[in-house]
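Indexing begins at 1, ligand by ligand and atom by atom, following the structure's order.
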Amino acid sequence: MNKEPVSIVVQSTGIDVVPAIIQALKRLKPDWHYGAWPCEIRADYAIVWKPPSELFERNPLLKAAINYGAGVDAILSMESVPAHIPIIRLEDAGMAQQMAEYALYGVIHHHRHMQIYNAQQRDRVWLQHEDRANLQRPVVGVMGLGEMGGHVAAKIAAFGYEVRGWSKSKRAVEGVQCFAGSEQFSEFLSATHVLVCMLPLTESTRGLVGAKTLAALPHGSFLINAGRGDHMIEADVLAALQSGQLAGALLDVFAPEPLPQDNALWSHPNVIVTPHIAATTPIREACAQIVDKIERMERGELVSGVVDRSVGY
Ligand code: NDP
Ligand code: OXD
């Protein structure tokens, strides 16, 4: 007996990537059926970004909701996916390398005094600071050692920086001194000059980058946040920048997004603001991963990337 072709509904909120996703999927799986939400297709799988409840009400036979991104804080907070439908997220899918590039850029920006040189250029000042840079190679501390953070830490270590990493359970990353759990957090922070946030946003990590964490870093440290805006307590970050506890920051994520026009971070001389581009989802790699996951599920195999709703990532 011939098996029915797999049918997929694709939905997105915000940037409209739906036609491009369907096109990329069709190239890989021309025989499958596709619908762009809202549509009448009775789907087996949904590829979604911040999906409405109605999508699940109208597709009662869904076998899984595939989150079109690595972070699942948005989909979990919406509570639109019924409890019996597994949520599966993207794992790396070409994003980890971009993250490593982004974080390395921030590390070098701080280490090689680019902030000072940018300001000097505005005033036409010719003054070298490299003696300090040679003496003071910053130690980089990466929070979160998963698909993104693990790759980021390894790449920065391979580039020659001393790197520490921190996660919930103890991880092993080549060339990286690993710490785990709240009991090792202060030790991790105490020698971290560039703090990189690669955590998922959960109830345990919300607001983690606040006054207490920042005060535990050496004076004049640098912050890179590519996790989520709600990891930071923004007023505490601004206060640390004001006091010099933070020498500067490279920030990609904010609460809310877009960053409001009147937000002080836009014009802070020691802050670089980027519009959530640290790692964008490459359509071809993401779709290849999605097809692989669906094929495994269709064969009754286990797939990786299933979200544990009880921990929030
Ligand atoms: P993973 O789930 O693969 O990794 C999460 C890591 O965080 C794990 O090492 C985990 O520990 C650790 N962690 C979770 N909770 C805690 C905690 N309470 N204390 C200490 N460590 C904790 O996620 P990804 O690496 O794929 O993605 C991370 C985040 O990056 C996403 O959730 C998203 O918010 C963000 N992101 C941002 C993008 C951007 O462009 N700015 C693009 C893509 C993702 P353990 O290993 O023990 O489980
Ligand atoms: C993601 C993101 O989570 O783009 O994938 O932030």
Student: Just verifying a value: how many Å separate Y45 OH and M297 CE, rounded to the nearest 0.5 Å?
Tutor: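 Answer rounded to 0.5 Å: 5.0 Å.
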Student: Judged by modelled atom types alone, do Q120 and H113 share a side-chain donor-acceptor pair under 3.5 Å?
Tutor: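 No, because no side-chain N or O of Q120 sits under 3.5 Å from a partner of the opposite role on H113.
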Student: In Å, rounded to the nearest 0.5 Å, how long is the span from CE of M148 to CD of E91?
Tutor: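 The CD atom of E91 is 9.5 Å from CE of M148, to the nearest 0.5 Å.
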Student: Show me a pair-per-line table, with atom names and distances to 0.1 Å, of protein N or O atoms that are under 3.5 Å from an N or O of ligand 1.
Tutor:
residue: ligand 1; atom: 2 (O); partner: R89; partner atom: NH2; Å: 3.4
residue: ligand 1; atom: 3 (O); partner: R89; partner atom: NH2; Å: 2.8
residue: ligand 1; atom: 3 (O); partner: E147; partner atom: N; Å: 3.0
residue: ligand 1; atom: 9 (O); partner: L145; partner atom: N; Å: 2.9
residue: ligand 1; atom: 9 (O); partner: G146; partner atom: N; Å: 3.1
residue: ligand 1; atom: 11 (O); partner: K168; partner atom: N; Å: 3.3
residue: ligand 1; atom: 21 (N); partner: K168; partner atom: N; Å: 3.0
residue: ligand 1; atom: 25 (O); partner: E147; partner atom: N; Å: 3.2
residue: ligand 1; atom: 25 (O); partner: M148; partner atom: N; Å: 2.8
residue: ligand 1; atom: 26 (O); partner: R89; partner atom: NH1; Å: 2.9
residue: ligand 1; atom: 34 (O); partner: G227; partner atom: O; Å: 3.4
residue: ligand 1; atom: 34 (O); partner: R228; partner atom: NH1; Å: 3.3
residue: ligand 1; atom: 40 (O); partner: A279; partner atom: N; Å: 3.0
residue: ligand 1; atom: 40 (O); partner: A279; partner atom: O; Å: 3.0
residue: ligand 1; atom: 41 (N); partner: A226; partner atom: O; Å: 3.1
residue: ligand 1; atom: 41 (N); partner: D252; partner atom: OD2; Å: 2.9
residue: ligand 1; atom: 46 (O); partner: R171; partner atom: NE; Å: 2.6
residue: ligand 1; atom: 46 (O); partner: R171; partner atom: NH2; Å: 2.8
residue: ligand 1; atom: 47 (O); partner: K168; partner atom: N; Å: 3.4
residue: ligand 1; atom: 47 (O); partner: S169; partner atom: N; Å: 2.6
residue: ligand 1; atom: 47 (O); partner: S169; partner atom: OG; Å: 2.5
residue: ligand 1; atom: 48 (O); partner: Y313; partner atom: OH; Å: 2.7

Student: Identify the residue among F222, Y161, Y105 that makes a ring-ring contact (aromatic ring centres under 6.0 Å, His included) with H110.
Tutor: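 It is F222; the other options fail the test.
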Student: Indicate whether the side chain of Y102 and that of T274 have a donor and an acceptor atom separated by less than 3.5 Å.
Tutor: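 T274 and Y102 do have a side-chain donor-acceptor pair below 3.5 Å.
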Student: Apply the hydrophobic cluster definition, ILVMFWY joined by side-chain contacts under 4.5 Å directly or through others, and give me every member besides V72.
Tutor: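 V9, W37, I41, V48, L55, F56, L62, I75, L76, V81, I85, I87, V307, which link up through side-chain heavy atoms under 4.5 Å apart, make up the rest of the cluster.
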Student: What are the distances between nitrogen or oxygen atoms of ligand 2 and protein nitrogen or oxygen atoms, counting only those under 3.5 Å?
Tutor:
residue: ligand 2; atom: 3 (O); partner: A70; partner atom: N; Å: 3.4
residue: ligand 2; atom: 3 (O); partner: G71; partner atom: N; Å: 2.7
residue: ligand 2; atom: 3 (O); partner: R228; partner atom: NH2; Å: 2.8
residue: ligand 2; atom: 5 (O); partner: A70; partner atom: N; Å: 2.7
residue: ligand 2; atom: 6 (O); partner: R228; partner atom: NH1; Å: 2.9
residue: ligand 2; atom: 6 (O); partner: R228; partner atom: NH2; Å: 3.2
residue: ligand 2; atom: 6 (O); partner: H276; partner atom: NE2; Å: 2.7

Student: Are any of the side-chain heavy atoms of L265 and F254 separated by less than 4.5 Å?
Tutor: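 Sidechains of F254 and L265: in contact.
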Student: Taking only residues two or more places apart in sequence or in another chain, which ones pass salt bridge (Lys or Arg N to Asp or Glu O under 4.0 Å) with E187?
Tutor: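 Partners of E187 under the salt bridge (Lys or Arg N to Asp or Glu O under 4.0 Å) test: none.
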Student: Is a side-chain donor or acceptor of D73 paired with a backbone partner of L201 at a separation under 3.5 angstrom?
Tutor: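 No.
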